[in-house]
Amino acid sequence: AIEQTFVMVKPDGVQRGLMGEIISRFERKGLKLVAARLMQVSRELAEAHYAEHRERPFFSELVQFITSSPVLAMVWEGENAVAVARSLMGKTNPAEAAPGTIRGDFGLTIGMNVVHGSDSPESAAREIQLWFDGETLRYDKSVE
Ligand code: CMP
């Protein structure tokens, strides 16, 4: 099914100049960019985004990091977009992510793992609503 998924280039990816490389990989795969915003994340948004990790020992570190400098928040659309985006990103821990994936090629530690992507269609719907409040583009059928 055609899905949308939420993908974010984290502060480390933005600061290291990896936005173009990451966008390029998603485009070359065939996904379509339907929303993008370079933004400073508020503490409130960070805590809402990572609500499921609230009880984890690394939660405050997570919020601190994601609010430390701008991120590139995006919505990508296409057949099976949630799983496809996850395969392009590789495993959460860059030390275990296969070479050829974004984290496998550009990451080293689990805290600074370059990108975030929704882990299920349900998470994608929640995260897209949270970050974009329904403001995503629709491509005209004629360009597909
Ligand atoms: P992300 O996909 O953004 O979702 C939750 C994040 O928590 C994950 O990527 C990691 O960057 C981060 N994370 C997971 N485990 C740890 C850990 N042990 N220490 C610090 N950060 C972690």
Side-chain angles (χ1 to χ4, degrees), residues 1-139 144:
I2 301 284
E3 295 174 345
Q4 291 188 340
T5 190
F6 175 71
V7 174
M8 164 173 53
V9 182
K10 297 187 181 185
D12 56 330
V14 174
Q15 298 229 347
R16 290 169 59 201
L18 295 172
M19 286 187 290
E21 170 73 31
I22 292 165
I23 289 171
S24 182
R25 289 182 179 216
F26 282 89
E27 286 185 322
R28 280 147 59 201
K29 183 67 176 172
L31 295 173
K32 289 176 178 175
L33 185 61
V34 294
R37 185 180 296 142
L38 185 66
M39 59 188 286
Q40 180 71 48
V41 183
S42 67
R43 181 180 188 86
E44 184 186 25
L45 177 57
E47 290 183 350
H49 174 73
Y50 282 129
E52 66 180 302
H53 299 299
R54 193 172 287 277
E55 305 307 323
R56 305 276 191 99
F58 55 84
F59 181 72
S60 63
E61 195 183 313
L62 206 51
V63 171
Q64 172 70 38
F65 175 55
I66 218 71
T67 58
S68 63
S69 69
V71 304
L72 178 64
M74 299 177 284
V75 178
W76 289 89
E77 182 178 288
E79 187 67 31
N80 228 350
V82 175
V84 167
R86 287 175 71 75
S87 79
L88 291 176
M89 293 186 295
K91 289 191 176 175
T92 301
N93 185 350
E96 296 169 1
T101 65
I102 293 167
R103 291 171 180 141
D105 288 348
F106 304 118
L108 202 54
T109 63
I110 195 163
M112 294 190 188
N113 62 354
V114 191
V115 281
H116 164 84
S118 306
D119 63 10
S120 66
E122 295 69 33
S123 299
R126 185 187 78 85
E127 292 172 0
I128 290 166
Q129 179 60 39
L130 184 64
W131 289 78
F132 287 97
D133 197 19
E135 299 170 38
T136 64
L137 298 178
R138 289 274 163 210
Y139 278 78
E144 284 178 358

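All figures in this text were calculated on a predicted structure; none of them were measured in a lab. Indexing begins at 1, ligand by ligand and atom by atom, following the structure's order.
Other residues, nucleotides and ligands contribute only 12 or fewer heavy atoms inside 6.0 Å of the CG atom of L108. Sparse packing is recorded around CZ of R43, with 12 or fewer heavy atoms of other residues, nucleotides or ligands lying under 6.0 Å away. Taking a 6.0 Å sphere around CD of E96, one finds it holds more than 12 heavy atoms contributed by other residues, nucleotides or ligands.
Scanning all protein heavy atoms for the shortest distance to atom 10 (C) of ligand 1 gives I110 O, 3.3 Å. Counting only heavy atoms of the protein, atom 6 (C) of ligand 1 lies nearest to L62 CD1, 3.6 Å. For atom 2 (O) of ligand 1, the nearest protein heavy atom (residue, atom name, distance) is H116 ND1, 3.1 Å. In this structure, atom 18 (N) of ligand 1 lies nearest to the protein heavy atom F58 CD2, 3.7 Å. The protein non-hydrogen atom at the shortest distance from atom 8 (C) of ligand 1 is T92 CG2, 3.8 Å.
At a heavy-atom distance under 4.0 Å, only side-chain atoms of N113, from C-beta outward, approach ligand 1. Residue-level proximity to ligand 1 for M8 is absent, since no heavy atom of it falls below 4.0 angstrom. Residue contacts with ligand 1, taken as heavy atom pairs separated by less than 4.0 Å, involve H53 solely via side-chain atoms from C-beta onward.
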>> The test is side chain to side chain contact (heavy atoms under 4.5 Å, CB included); show your working for L88 and F26 and say whether it passes.
In response: CA-CA 8 Å; L88 291 176; F26 282 89; 3.7 Å; yes

>> For a side chain to side chain contact (heavy atoms under 4.5 Å, CB included) check, start with the C-alpha distance between F106 and R16, then their side-chain angles and the critical distance, and finish with the verdict.
In response: CA-CA 10 Å; F106 304 118; R16 290 169 59 201; 4.3 Å; yes

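A salt bridge links E21 to R25: one of the charged nitrogens lies within less than 4.0 Å of a carboxylate oxygen.
Within the 4.0 Å heavy-atom shell around ligand 1 one does not find M112. The shortest heavy-atom distance from Y50 to ligand 1 is under 4.0 Å.
Checked by distance only, ligand 1 and G117 stay at 3.5 Å or farther apart across all their nitrogen or oxygen atoms.
Under the 3.5 Å distance criterion, the side-chain polar atoms of E3 are matched with a main-chain donor or acceptor of A81. The closest donor-acceptor contact from the side chain of R126 to the backbone of H49 lies under 3.5 Å. The main-chain N or O of V114 is found under 3.5 Å from a side-chain atom of D12 such that the two form a donor-acceptor pair.
Atoms of ligand 1 lying under 4.0 Å from at least one heavy atom of G111, given by number and element, are 11 (O), 21 (N). When each atom of ligand 1 is checked for a heavy atom of K10 under 4.0 Å away, the hits are 1 (P), 3 (O), 9 (O), 11 (O).
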